[in-house]
*Asks:* 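Dropping a structure here in structure tokens format, bear with me for questions.
Predicted model only: the values in this text are computed from it and were never measured. First listed ligand is number 1; within each ligand, the first listed atom is number 1.
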Amino acid sequence: MQKALISASAHEHGRALAGKAALVTGATSGIGLGIATALAAAGADVVLNGLGDAAEHRNLIEGLAAEHGIRTAFSGADMSKPDEIAGMIAAATDELGKVDILVNNAGIQHVEAVETFPPQKWDQIIAVNLSAAFHTIRGVVPGMKSRGWGRIINVASAHALVASPFKSAYVAAKHGIAGLTKTVALETAEHGITINAICPGYVLTPLVERQIPDTARARGLTPDEVVRDVLLKAQPTRKFVTTGEIGALAVFLSSDAAQSITGAALPVEGGWTAQ
Ligand code: NAD
């Protein structure tokens, strides 16, 4: 595990999450990076996880540590591999002493009709978007129970609440995460732990950018038509949601003011599921 350590003393006063330790999966890009940055700005120490280039990850954690005066570390664990997930939880606990805030965010997508949807893509999406959260949650709940405080935030999707065609694995995994969220909320409610699912609408991250050409092919549209007539058509605001908005909600859910919010699936989707 890579790590960066900067003294927090100059920064820690008055920040809501000072002294808390967070672990964010899929934090090298998009929404996960937005959440990790928001938690860091609120004073939490943060372990970031994700795939990709080690040198970029070092720059990322060193930049966050320097900017916010917090401790940061990085784990390259693959969220489709339960043994690597267990290793990540152990290393994060080693580095920061505990995991108070767990954000299950890593996610992947594949857009194709169900009858040609490759079975290995199905398995991979269920592993990363759903089963990984089971493995991380079972790893951190004992420590949270022993300290009588914990926050678990699952980055689900509007697709945890409603479906779209050609996304069978993704929609199944996201509906599954909503069920896991409710179940664990009931099991942990008396231990000072909350667990909630944030359900974003479309956020213009690499995950969405990558699916525009596939959706164009699947629906016989141009990429511009996909943005206007498929993505933003779903959202009455006709605007993409931003990573900063999701980060701000994650900070609020991590605060003591949110201690009575648990087991919820919270839409942040410009009115999509109100229709
Ligand atoms: P992204 O592609 O920008 O980032 C995905 C992150 O997950 C990256 O850090 C990547 O390295 C990591 N990742 C992927 N596979 C991994 C694996 N096997 N092990 C470890 N890390 C892995 O995507 P994003 O749009 O920021 O999506 C983040 C989450 O938000 C996902 O769960 C996604 O389903 C959800 N979401 C996204 C949108 C959107 O419109 N972008 C909307 C609703 C929900």
*Asks:* Nearest to atom 13 (N) of ligand 1, what protein heavy atom do you find, and at what distance?
*Replies:* A106 CB, 4.1 Å
*Asks:* In the protein, what heavy atom is nearest to atom 40 (O) of ligand 1, and what distance, to one decimal place, separates them?
*Replies:* V203 N, 2.7 Å
*Asks:* Taking heavy atoms and a distance under 4.0 Å, where does A132 meet ligand 1: side chain, backbone, both or neither?
*Replies:* neither
*Asks:* Hydrophobic clusters join Ile, Leu, Val, Met, Phe, Trp and Tyr when side-chain heavy atoms are under 4.5 Å apart, directly or via other members; which others share one with F166?
*Replies:* V111
*Asks:* Among all protein heavy atoms in this structure, tell me which lies nearest to atom 27 (O) of ligand 1, with the distance rounded to 0.1 Å.
*Replies:* L207 CD1, 4.0 Å
*Asks:* Taking only heavy atoms of V155 into account, list the atoms of ligand 1 that are under 4.0 Å away from them.
*Replies:* 29 (C), 30 (O), 32 (O), 35 (C)
*Asks:* Could you tell me whether A158 approaches ligand 1 through its side chain, its backbone, both or neither, with non-hydrogen atoms closer than 4.0 Å?
*Replies:* neither
*Asks:* Could you see which bit of I108 sits under 4.0 Å from ligand 1, with heavy atoms only: side chain, backbone, both or neither?
*Replies:* side chain
*Asks:* Please check this pair: side chain of Q109 against backbone of Y170, looking for a donor-acceptor N/O pair closer than 3.5 Å.
*Replies:* no
*Asks:* Just to confirm my output: which protein heavy-atom neighbour is closest to atom 36 (N) of ligand 1, and how far is it?
*Replies:* Y170 OH, 3.5 Å
*Asks:* For ligand 1, note which part of C199 has a heavy atom under 4.0 Å away: side chain, backbone, both or neither.
*Replies:* neither
*Asks:* Atoms of ligand 1 less than 4.0 Å from D78 heavy atoms?
*Replies:* 17 (C), 18 (N), 19 (N)
*Asks:* Just verifying a value: how many Å separate I246 CD1 and T205 OG1, rounded to the nearest 0.5 Å?
*Replies:* 10.5 Å
*Asks:* Consider ligand 1: state whether an atom of it lies below 4.0 angstrom from any non-hydrogen atom of N105.
*Replies:* yes
*Asks:* Counting heavy atoms only, which part of V208 comes closer than 4.0 Å to ligand 1: side chain, backbone, both or neither?
*Replies:* side chain
*Asks:* Please work out whether any backbone atom (N, CA, C, O) or any side-chain heavy atom from C-beta onward of H159 is under 4.0 Å from ligand 1, and answer side chain, backbone, both or neither.
*Replies:* neither
*Asks:* Just one of H110, H159, Q211 clears the side chain to side chain donor-acceptor pair (under 3.5 Å) bar with K167, so which one?
*Replies:* Q211
*Asks:* Can you tell which of A156, P200, A160 gets a heavy atom nearest to atom 35 (C) of ligand 1?
*Replies:* A156
*Asks:* Apply the test side chain to side chain contact (heavy atoms under 4.5 Å, CB included) to residues Q235 and V241: give CA-CA distance (whole Å), side-chain angles for both, the deciding distance (0.1 Å), then the verdict.
*Replies:* CA-CA 9 Å; Q235 296 183 186; V241 177; 4.1 Å; yes
*Asks:* Counting from 1, what ligand 1 atoms have a heavy atom of V128 closer than 4.0 Å?
*Replies:* 18 (N)
*Asks:* Using a 4.0 Å cutoff against the non-hydrogen atoms of A27, which atoms of ligand 1 qualify?
*Replies:* 9 (O)
*Asks:* Of the protein's non-hydrogen atoms, which lies at the shortest distance from atom 24 (P) of ligand 1, and what is that distance?
*Replies:* T205 OG1, 3.4 Å
*Asks:* I195 pairs by side-chain contact (heavy atoms from CB on, under 4.5 Å) with which of T181, I261, L102?
*Replies:* T181
*Asks:* Hey, are D224 and T222 close enough side-chain-wise for a donor-acceptor pair under 3.5 Å?
*Replies:* no
*Asks:* Is the side chain of T25 donor-acceptor paired with the backbone N or O of A106 at a distance under 3.5 Å, no angle test?
*Replies:* yes
*Asks:* With a cut-off of 4.0 Å, which atoms of ligand 1 are near a heavy atom of R210?
*Replies:* 2 (O)
*Asks:* Nearest 0.5 angstrom please: I137 CD1 to I85 CD1, how far?
*Replies:* 11.0 Å
*Asks:* Does G201 come within less than 4.0 Å of ligand 1, judged by its heavy atoms?
*Replies:* yes
*Asks:* Taking N or O atoms only and a 3.5 Å limit, does N129 qualify as a polar contact for ligand 1?
*Replies:* no
*Asks:* Considering only heavy atoms of G30, which atoms of ligand 1 have at least one such atom less than 4.0 Å away?
*Replies:* 3 (O), 26 (O)
*Asks:* Please check: side-chain N/O of E269 versus main-chain N/O of S157, any donor-acceptor pairing under 3.5 Å?
*Replies:* no
*Asks:* Test of understanding: with salt bridge (Lys or Arg N to Asp or Glu O under 4.0 Å), list the residues that count as partners of K145, not counting sequence neighbours.
*Replies:* none
*Asks:* Heavy-atom distances under 4.0 Å decide this one: backbone, side chain, both or neither, for N49 against ligand 1?
*Replies:* side chain
*Asks:* Specify the protein heavy atom at minimum distance from atom 12 (C) of ligand 1: its residue, its atom name, and the distance to 0.1 Å.
*Replies:* G26 CA, 3.6 Å
*Asks:* Pick, from G50, S29, G52, the option with the minimum heavy-atom distance to atom 3 (O) of ligand 1.
*Replies:* S29
*Asks:* For the CG atom of N154 and the CG atom of N129, what is their distance to the nearest 0.5 Å?
*Replies:* 11.5 Å
*Asks:* Within the structure, is a non-hydrogen atom of A77 found at a distance of less than 4.0 Å from ligand 1?
*Replies:* yes
*Asks:* Testing V103, I177, N104 one by one against V155 for a side-chain contact (heavy atoms from CB on, under 4.5 Å), which residue passes?
*Replies:* V103
*Asks:* Decide, yes or no, whether a salt bridge links K20 with D100 under the criterion of side-chain N to carboxylate O below 4.0 Å.
*Replies:* no
*Asks:* Nearest protein heavy atom to atom 38 (C) of ligand 1, by residue and atom, and its distance?
*Replies:* I31 CD1, 3.8 Å
*Asks:* Nearest 0.5 Å please: distance from the CD1 atom of I89 over to the CG atom of D94.
*Replies:* 12.5 Å
*Asks:* Looking at G107, which atoms of ligand 1 are within less than 4.0 Å of one of its heavy atoms?
*Replies:* 5 (C), 7 (O), 31 (C), 32 (O)
*Asks:* Once rounded to the nearest 0.5 Å, what's the spacing between atom CG of N49 and atom CE of M88?
*Replies:* 5.0 Å
*Asks:* Is ligand 1 under 4.0 Å from a heavy atom in the side chain of K174, in the backbone, in both, or in neither?
*Replies:* side chain
*Asks:* Give the residue, atom name and distance (to 0.1 Å) of the protein heavy atom nearest atom 10 (C) of ligand 1.
*Replies:* T28 OG1, 4.1 Å
*Asks:* Find the distance between OG1 (T243) and CG (L204) and round it off to the nearest 0.5 Å.
*Replies:* 10.5 Å
*Asks:* Kindly identify the option in N104, I177, L51 whose heavy atom sits closest to atom 15 (N) of ligand 1.
*Replies:* L51
